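Just so it is clear, the values below take in all heavy atoms, side chains as well, and ignore hydrogens, waters and symmetry mates. Count residues from 1 along the sequence. A quick note: this is a predicted structure, and the numbers were derived from the prediction, not measured.
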Amino acid sequence: MRGFTEGERTALNRSQPEPLYHQLFLILKRKIETGELRLASRLPGEAELAEFFDVSRITSKRALDELAAQGLITRRRGLGSHVSYREPPTLLQAPLVSMIDSLALIGRATSIRLLDFARVAPPPQVLDALALQSGDTCDRAIRVRSNEGLPFAHYTSWTLPLGPVFCAENLRQNSRLDLFRRIGLDLSVVEQTLSAEAADGTIADQLEVTLGSPLLAITRITRDQRGRAFDYLRALYRSDRFQYQMKMTAKDLVVRAFR
């Protein structure tokens with residue numbers, strides 16, 4: 001069969017506990033994701049696949065149905081199955097050691113959508129981090145950032161009231177870093193903690209992932225030139241579309257590991 005090798009034909013192993021339809025699905029999935037089966041190209045039909053791989057037509061149908069369920073192909077009666085998978089966007093990378101440069105890089109390379117902006121009473125951890133008292137309020141912004149039109153980050157931030165410049169209208173058109181600078185704030189220290197978190201229903205919907213998907217979680221506290229903590233950010237990132245990088249010398253590793 002054109003486009004398939006003899007090695008692929010004999011790759012299905014009936015002695016494995018993994019169902020044959022799933023083994024066939026994985027072979028087809030790999031060929032689609034690597035570009036061997038290109039966007040809009042037609043896949044062999046159920047009967048062709050069944051004959052070539054020596055499986056039942058039910059097995060080949062289940063494999064194609066699984067590809068369709070994952071958005072890798074489209075199936076239309078009378079027209080057959082065609083590849084609909086598009087190569088994912090370039091993974092956005094940001095340096096972890098130069099935080100201010102990293103924030104500026106992300107802001108220039110991506111787009112952001114403001115979901116909500118309101119003055120609210122922050123949760124206890126934010127009160128503590130920003131040295132606030134019970135009853136104090138912050139400006140909370142909820143945003144989703146995208147790269148090449150695909151969402152990769154969900155942000156919830158709490159910021160001390162900074163005046164009329166820091167408002168919903170300006171947040172829709174400018175990065176928060178630009179607004180901070182416009183107000184006259186210099187970011188002197190950025191304290192950052194990395195962890196992991198499972199996507200709940202709301203986050204899963206906004207980042208277009210399945211419920212419970214693992215996300216890179218970052219808590220970031222920013223201080224101004226006077227050392228005052230004025231901003232608390234909780235960020236959740238899709239690891240398949242975003243990553244932080246750290247480059248360290250051998251001397252850095254020794255100093256940081258044993259300090």
Side-chain angles (χ1 to χ4, degrees), residues 92-195 197 202-203 206-207 215-238 241-247:
L92 185 64
Q93 299 176 331
L96 185 58
V97 289
S98 181
M99 185 56 58
I100 306 304
D101 291 341
S102 171
L103 296 175
L105 169 66
I106 295 172
R108 289 193 301 268
T110 63
S111 61
I112 197 157
R113 179 165 57 99
L114 181 67
L115 302 181
D116 184 63
F117 182 81
R119 184 157 295 180
V120 300
Q125 66 270 28
V126 178
L127 288 175
D128 292 341
L130 301 184
L132 298 175
Q133 302 297 319
S134 178
D136 288 342
T137 59
C138 289
D139 289 333
R140 184 194 64 198
I142 302 175
R143 302 166 298 144
V144 171
R145 189 174 287 280
S146 300
N147 182 32
E148 298 180 13
L150 298 174
F152 71 90
H154 181 279
Y155 302 133
T156 304
S157 60
W158 292 266
T159 309
L160 298 183
L162 299 175
V165 171
F166 196 79
C167 63
E169 181 179 356
N170 285 339
L171 281 170
R172 291 189 180 96
Q173 302 174 20
N174 304 272
S175 71
R176 294 190 327 132
L177 182 59
D178 287 340
L179 293 182
F180 292 157
R181 287 172 171 167
R182 189 185 303 179
I183 292 168
L185 293 173
D186 292 329
L187 280 59
S188 63
V189 176
V190 177
E191 304 166 13
Q192 185 160 265
T193 303
L194 282 72
S195 60
E197 186 173 311
T202 299
I203 301 299
Q206 292 169 348
L207 290 183
L215 303 172
L216 172 64
I218 295 181
T219 299
R220 182 181 300 148
I221 301 170
T222 304
R223 298 181 180 274
D224 63 17
Q225 59 268 41
R226 295 180 296 167
R228 176 189 62 161
F230 71 93
D231 184 77
Y232 184 105
L233 174 76
R234 179 68 171 169
L236 298 171
Y237 294 96
R238 286 187 55 154
R241 294 179 180 169
F242 179 85
Q243 67 179 206
Y244 271 113
Q245 289 184 321
M246 177 178 288
K247 184 176 182 179

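Taking the six-membered ring where tryptophan is involved, the planes of Y237 and F152 are essentially parallel, since the angle between them stays under 30° and well short of 60°. Ring geometry, F180 versus F166: the interplanar angle falls under 30°, so the pair is classed parallel (tilted spans 30 to 60°).
Between P122 and L127, the closest heavy-atom pair is CG-CD2, 3.6 Å. Shown here for R238 and P151, the closest heavy-atom pair between the two residues is CD-O, 3.6 Å. Among all heavy-atom pairs drawn from L132 and C138, the shortest one is CD1-SG, 3.5 Å. Between D139 and P161 the shortest heavy-atom distance is OD2-CA, 3.8 Å. The shortest non-hydrogen separation linking A129 to A229 is O-CB, 3.5 Å. Nearest approach of L207 to L236, heavy atoms of both residues: CD1-O, 3.9 Å.
At distances below 3.5 Å, at least one donor-acceptor pair connects side-chain atoms of D136 with backbone N or O atoms of Q133. Counting only distance, with no hydrogens or angles, the side chain of D224 and the backbone of L185 share no donor-acceptor pair below 3.5 Å.
Note: N147 CG to I112 CD1 = 12.5 Å, rounded to the nearest 0.5 Å. Put simply, OG1 on T193 and CD1 on I221 are 7.0 Å apart, with the number rounded to the nearest 0.5 Å. Of the inter-residue distances, the one linking F117 atom CZ with N170 atom CG reads 9.5 Å to the nearest 0.5 angstrom. Taken from OG1 in T202 to NE2 in H154, the straight-line distance is 7.5 Å, to the nearest 0.5 Å. Distance check: I142 CD1 to W158 CH2 gives 7.5 Å after rounding to the nearest 0.5 Å. The CG atom of N174 lies 5.0 Å from the CG atom of L179; values are rounded to the nearest 0.5 Å.
Put simply, the residue from R176, R140, R220 that forms a salt bridge (Lys or Arg N to Asp or Glu O under 4.0 Å) with D231 is R176.
Partners of Q225 according to the side-chain hydrogen bond (donor to acceptor under 3.5 Å, both in side chains) rule, which considers only residues two or more places apart in sequence or in another chain, do not exist here. With sequence neighbours excluded, no residue satisfies salt bridge (Lys or Arg N to Asp or Glu O under 4.0 Å) with R143.
L130 is listed as a side-chain neighbour of L160, based on a closest heavy-atom distance under 4.5 Å. L115 has its side chain within reach of Q206: a pair of non-hydrogen atoms, C-beta onward, lies under 4.5 Å apart. Side-chain contact check for R234 versus E197: some heavy-atom pair is nearer than 4.5 Å.
Residue Q173 qualifies as enclosed at atom CD: its count of foreign heavy atoms under 6.0 Å is above 12. Atom CZ of R113 has 12 or fewer neighbouring heavy atoms from other residues, nucleotides or ligands inside a 6.0 Å radius.
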